[in-house]
Amino acid sequence: ADLTRPLRIVALGEVNAGKSTVHNALVGQELCPASPLPTTQRTIHYCHGPAERDQDTDEGWQLAFRPVDFLRRIELIDTPGCNSGWREAVLGDVDRFAKGDLILVVFPAGNTWTAATWDLLSALDDDALERVLLVVQQADEKTADDLRVIEGHMRDLSIKKVGRELPILNMAAGLALEAKLSPETARKGWSASRFSLFA
């Protein structure tokens, strides 16, 4: 990686998998729009700038400059759902996503076998797979036993789809974000979020 630029974290996954929420939990504020409806309709590259400003790139991405200190060290790349109307655009950008320093492939805990996400994962080259972390989001909605079954299933799928076991992290990014926004009341939520294993 080029040490003169910030690290880049890419989040990939289906609509409502929790990609934007993971990014927001990392930053500790609601930087990326997140809602039950699909809100990210193009790839947005969040980077540091002295004032809030959005700029289109020649490749169809949006550069979102924000005066947020976190973005001096780590830039975030938020992507549309790979099962949405922007699926072809997402697949077409796989080579660009593959250049991320960390590639988070986000699954909702309620549906970790979604074909569109595994197809996207299969499109990454071997070099990029070295930097992939599978994230099971909304893990607070599952029991520990459920999560063990989910992880076993994902390890099997991972071997079938990309020929190797990829690391898996269960988390509840929504709880982590709440804990960062109101730490005095949310100590229990931080622990339950399992986010400290990541950040």
- Message: For T114 and N111, which I'm curious about, is there any donor-acceptor pair between the side chains at under 3.5 Å?
- Response: no

- Query: Of the non-hydrogen atoms in L71 and R66, which two are nearest, and what is the gap between them?
  - Reply: CD1-CB, 3.8 Å

- Can you measure from SG (C47) to CZ (R53) and round to the nearest 0.5 angstrom? 8.5 Å

- Query: Could you give the distance from CD (E178) to CG (L181), rounded to the nearest 0.5 Å?
  - Reply: 8.0 Å

- Task: Indicate, with yes or no, if I159 and V162 share a hydrophobic cluster defined by side-chain heavy-atom contacts under 4.5 Å among Ile, Leu, Val, Met, Phe, Trp and Tyr.
- Result: no

- Item | Exercise: identify the closest heavy-atom pair between N83 and A116 | CB-CB, 3.8 Å

- Task: Could you tell me whether D127 and R131 make a salt bridge, using a distance below 4.0 angstrom between a side-chain N and a carboxylate O?
- Result: yes

- Query: Quick one: do E59 and R42 make a salt bridge, cutoff under 4.0 Å?
  - Reply: no

- Residues D54 and Q62: side-chain donor-acceptor under 3.5 angstrom: yes

- Task: Evaluate the side-chain proximity of L26 to I74: yes if any heavy-atom separation is below 4.5 Å, no if none is.
- Result: no

- Are any of the side-chain heavy atoms of I150 and K142 separated by less than 4.5 Å? yes

- Query: Strictly by modelled atom types, are D93 and W61 linked by a side-chain donor-acceptor pair under 3.5 Å?
  - Reply: yes

- Query: Taking a hydrophobic cluster as the set of Ile, Leu, Val, Met, Phe, Trp and Tyr residues connected by side-chain heavy atoms closer than 4.5 Å, whether directly or through intermediates, do V135 and L7 fall within one such cluster?
  - Reply: yes

- Item | Interatomic spacing from CG in L134 to CG in L169 - rounded to 0.5 Å | 10.0 Å

- Evaluate the side-chain proximity of L102 to L133: yes if any heavy-atom separation is below 4.5 Å, no if none is. yes

- Shortest non-hydrogen contact from N170 toward A139: CB-CB, 3.8 Å

- Non-hydrogen side-chain atoms of F65 and Q55 separated by less than 4.5 Å: yes

- Apply side chain to side chain contact (heavy atoms under 4.5 Å, CB included) to L124 and V132, showing your working. CA-CA 9 Å; L124 292 169; V132 165; 3.8 Å; yes

- Could you go step by step and tell me if Q29 and N24 meet the side chain to side chain donor-acceptor pair (under 3.5 Å) rule? CA-CA 5 Å; Q29 67 183 71; N24 290 340; over 6 Å; no

- Validation row: L121, L166 side chains within 4.5 angstrom (heavy atoms): yes

- Message: One pair to check against side chain to side chain contact (heavy atoms under 4.5 Å, CB included): R164 and D126. What are the steps and the verdict?
- Response: CA-CA 10 Å; R164 67 170 86 182; D126 283 345; 3.7 Å; yes

- Message: I'd like to know whether V136 forms a side chain to side chain contact (heavy atoms under 4.5 Å, CB included) with M171, so could you lay out the CA-CA distance, the side-chain angles of the two residues, the decisive distance to 0.1 Å, and finally the verdict.
- Response: CA-CA 6 Å; V136 179; M171 71 166 68; over 6 Å; no

- Over all atoms of both residues, closest heavy-atom pair of T117 and E14: OG1-CG, 3.0 Å

- Quick check: does any side chain N or O of W118 sit under 3.5 Å from a backbone N or O of T112, one acting as donor and the other as acceptor? yes

- Between I77 and I44, is a side chain to side chain contact (heavy atoms under 4.5 Å, CB included) present by the stated rule, with each step listed? CA-CA 6 Å; I77 298 175; I44 304 173; over 6 Å; no

- Query: Nearest heavy-atom pair of C82 and L120: which atoms, and what distance?
  - Reply: CB-CD2, 3.8 Å

- Using only heavy-atom distances, determine whether the side chains of H45 and E75 contain a donor-acceptor pair under 3.5 Å. yes

- Would you call D125 and L129 a side-chain contact if the rule is heavy atoms closer than 4.5 Å? no

- Task: Verify side chain to side chain donor-acceptor pair (under 3.5 Å) between T143 and D146, making sure each step is shown before the conclusion.
- Result: CA-CA 5 Å; T143 67; D146 288 340; 3.2 Å; yes

- Separation between CZ (F70) and NE2 (H23), nearest 0.5 Å, reads 9.0 Å

- Message: Assess whether a salt bridge exists between K161 and D156, defined as any Lys/Arg side-chain N lying under 4.0 Å from an Asp/Glu carboxylate O.
- Response: no

- Nearest atoms (heavy-atom pairs only) where E30 meets L177: CG-CD2, 3.9 Å

- Message: With a 4.5 Å cut-off on side-chain heavy atoms, are V90 and F97 touching?
- Response: yes

- Message: So L104 and L12, do their side chains get closer than 4.5 Å, heavy atoms only?
- Response: no

